[in-house]
Protein chains: 2
Amino acid sequence: MAEQTQLERSKEDPKVASTTVASSVYDQLRLDILTGDLQPGEKLRSEFLRGRYKAGISPVREALNRLATERLVCREDQRGFHVAAVSKAGLIELTKTRCWIEERALRESIEHGDDAWEEQIVLTFHRLSRTPRSADDQTYAFNAKWEGLHRDFHNAVIAACGSHWLLSFCEQLVDQADRYRQLAAAVSYPKRNERDEHQDLMEAVLARDADRAVALQCAHIHKTADIVLNANLNNLPDDFDPADPSRC
Amino acid sequence: MAEQTQLERSKEDPKVASTTVASSVYDQLRLDILTGDLQPGEKLRSEFLRGRYKAGISPVREALNRLATERLVCREDQRGFHVAAVSKAGLIELTKTRCWIEERALRESIEHGDDAWEEQIVLTFHRLSRTPRSADDQTYAFNAKWEGLHRDFHNAVIAACGSHWLLSFCEQLVDQADRYRQLAAAVSYPKRNERDEHQDLMEAVLARDADRAVALQCAHIHKTADIVLNANLNNLPDDFDPADPSRC
DNA sequence: AGTCAATAGAATTTGGAAATTATTGAACTA
DNA sequence: TAGTTCAATAATTTCCAAATTCTATTGACT
């Protein structure tokens, strides 16, 4: 049987958009960490990843190096890589920071947003509201489509902030928050009405009521954090262990 | 003649603190970009870097991948790496973002800083004020010691902000700003009294006058930007060229 | 001239083997 | 028993050559 080139693989599976193996491994590894498929603190041996993603050592290492700079993965020279650890203290710090950064993004965006910006918000909200939170009817199951549309909506709201830096910071923090969110998603799933929260936010934003929008956004962020903290069944450690190699 | 191991190299040159070749290349490459030794937009061929840093392809690539995530280097799949481009529009956006982020860091730090924090500010200011801005008496020459102490001082001021995220964002933005600053350093060198600016900032911070500290910090940031913009001799492009591969 | 396809050359990307370093555990000492 | 040394093992890191992809050029064709 003939060998497969990367191009051939891409033709077979159009979901794989990446043009290099390294970028493809990066995408998959990132997703596996965000969904919790690879757990916080887990050691990432190159042989294990090589087998999991059917790639050579070089692209695997490139992906790990990229993710380490984004702090989804933790690198220690000569001691390899871990999935970054989580903790209550980490979540609290993350939540605080998200509120600060997103407040600024939101205020700037509301001040400078134009008609196209408004329309994009309406559009992404519409799509989000027609998509089920869970891939399964009864219990919670990760739904990649909802997750994507959810990001699209929140990104649309702050898109007019006028700073690519701010947008990328927000994105990085959302990545981090998503990991925590997945830890408690099964618990929060039946209880929460996220659709209303998003609708309220949209209305405040379109009314250019910055103070109200910020308050709603902040509450939205804190609510997610509280659910994770209260649903303590993942025995989340209180703080980062200074001796933990996945501490970062 | 015998081959050199990495350990042997480290013993010879104690300046190389990194434990792996990849980290060492990362440090050197980052510095070369910050100082402008490698110019904005320049293509970074692996063979060129291999020769420059006397390393193999793998560690060079790892360093490039890390720097790309930090946006000091720009990656295009299958087309290699460039030093990230600069432009007037980019500088303006960067400056704006720095003011937003550093304002929050400053206010939080002033609110929560303790005695040890105050002492560290006094200490780092003292060290900075006794170090010459330029390595040369007459003309401007990059002075690594001053640059390090300058960072230490500004980091000390915001160190008590309570968020590692905010601190790392500030650091990333400082890296970016440093590139612009080096472009105009020779021009601004004789004119500017940075020591007074830092002293004013320190006094406002120690007096816990957040509003004044923020105003000074913002002015400090804007002043650097203005110098770069006015000293237009580097024919900085107005905006990023959408066709430029180093655009990011 | 301008467009397009084929081709040669240059650069990037990748896989695996070799070199280096960390870890483990057994034997030994105080 | 606690702590050290040292060899065996396991993992990480690095180098390099092969495979793939991009780029520039040429020449045929409209």
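Below, chain A is the first sequence line, B the second, and so on; all start at residue 1. Computation of the quantities below employed the complete heavy-atom set of this structure, encompassing side-chain atoms and omitting hydrogens, waters and symmetry-equivalent molecules.
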Taking atom [atom2] of [N] as reference, at what distance in whole Å does atom [atom1] of [X] sit?
{"X": "B/Glu47", "N": "D/dC16", "atom1": "CD", "atom2": "C1'", "answer": "11 Å"}
{"X": "A/Ile57", "N": "D/dT14", "atom1": "CD1", "atom2": "P", "answer": "12 Å"}
{"X": "B/Leu64", "N": "C/dT12", "atom1": "CG", "atom2": "P", "answer": "10 Å"}
{"X": "A/Glu76", "N": "C/dT23", "atom1": "CD", "atom2": "P", "answer": "9 Å"}
{"X": "B/Phe48", "N": "C/dA10", "atom1": "CZ", "atom2": "P", "answer": "19 Å"}
{"X": "B/Arg50", "N": "C/dT12", "atom1": "CZ", "atom2": "P", "answer": "12 Å"}
{"X": "A/Gln78", "N": "D/dA10", "atom1": "CD", "atom2": "C1'", "answer": "14 Å"}
{"X": "A/His82", "N": "D/dA11", "atom1": "NE2", "atom2": "C1'", "answer": "11 Å"}

Contact class for A/Arg61 vs. all strands (heavy atom < 4.0 Å): base, sugar-phosphate, or nothing?
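Touches a base.
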Ignoring hydrogens and geometry beyond distance, is a side-chain donor-acceptor pair present between B/Gln28 and B/Ser24 at under 3.5 Å?
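Result is yes, a qualifying pair exists.
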For A/Arg30, which residues count as a salt bridge (charged side-chain N to carboxylate O under 4.0 Å, His left out) partner, sequence neighbours excluded?
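Per chain and number, A/Arg30 pairs via salt bridge (charged side-chain N to carboxylate O under 4.0 Å, His left out) with A/Asp175.
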Closer than 4.0 Å, any side-chain N/O of [X] to the OP1 or OP2 of [N]?
{"X": "A/Lys43", "N": "D/dT12", "answer": "yes"}
{"X": "B/Arg45", "N": "C/dA11", "answer": "yes"}
{"X": "B/Ser58", "N": "D/dT13", "answer": "no"}

Those residues that, when tested against B/Phe169, pass ring pair (Phe, Tyr, Trp, His ring centres under 6.0 Å) (two or more places apart)
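With sequence neighbours excluded, B/Phe169 shows a ring pair (Phe, Tyr, Trp, His ring centres under 6.0 Å) to A/Phe169, given in chain and number order.
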Mark yes or no for whether B/Tyr53, through its side chain, and B/Tyr26, through its backbone, hold a donor-acceptor pair below 3.5 Å.
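Judged by distance alone, no pair lies under 3.5 Å.
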Given 3.5 Å as the limit, does a donor-acceptor pair link the side chain of A/Glu70 with the main chain of B/Thr69, or not?
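A pair under 3.5 Å: no.
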Where the side chain of B/Arg79 is defined as all heavy atoms beyond and including C-beta, which of D/dT13, D/dT23, C/dT14 is the nearest nucleotide?
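Among the listed nucleotides, the one closest to the side chain of B/Arg79 is D/dT23.
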Which nucleotide, D/dT12, C/dG15, D/dC15, lies nearest any side-chain atom of A/Pro59?
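Nearest to the side chain of A/Pro59 among the choices is C/dG15.
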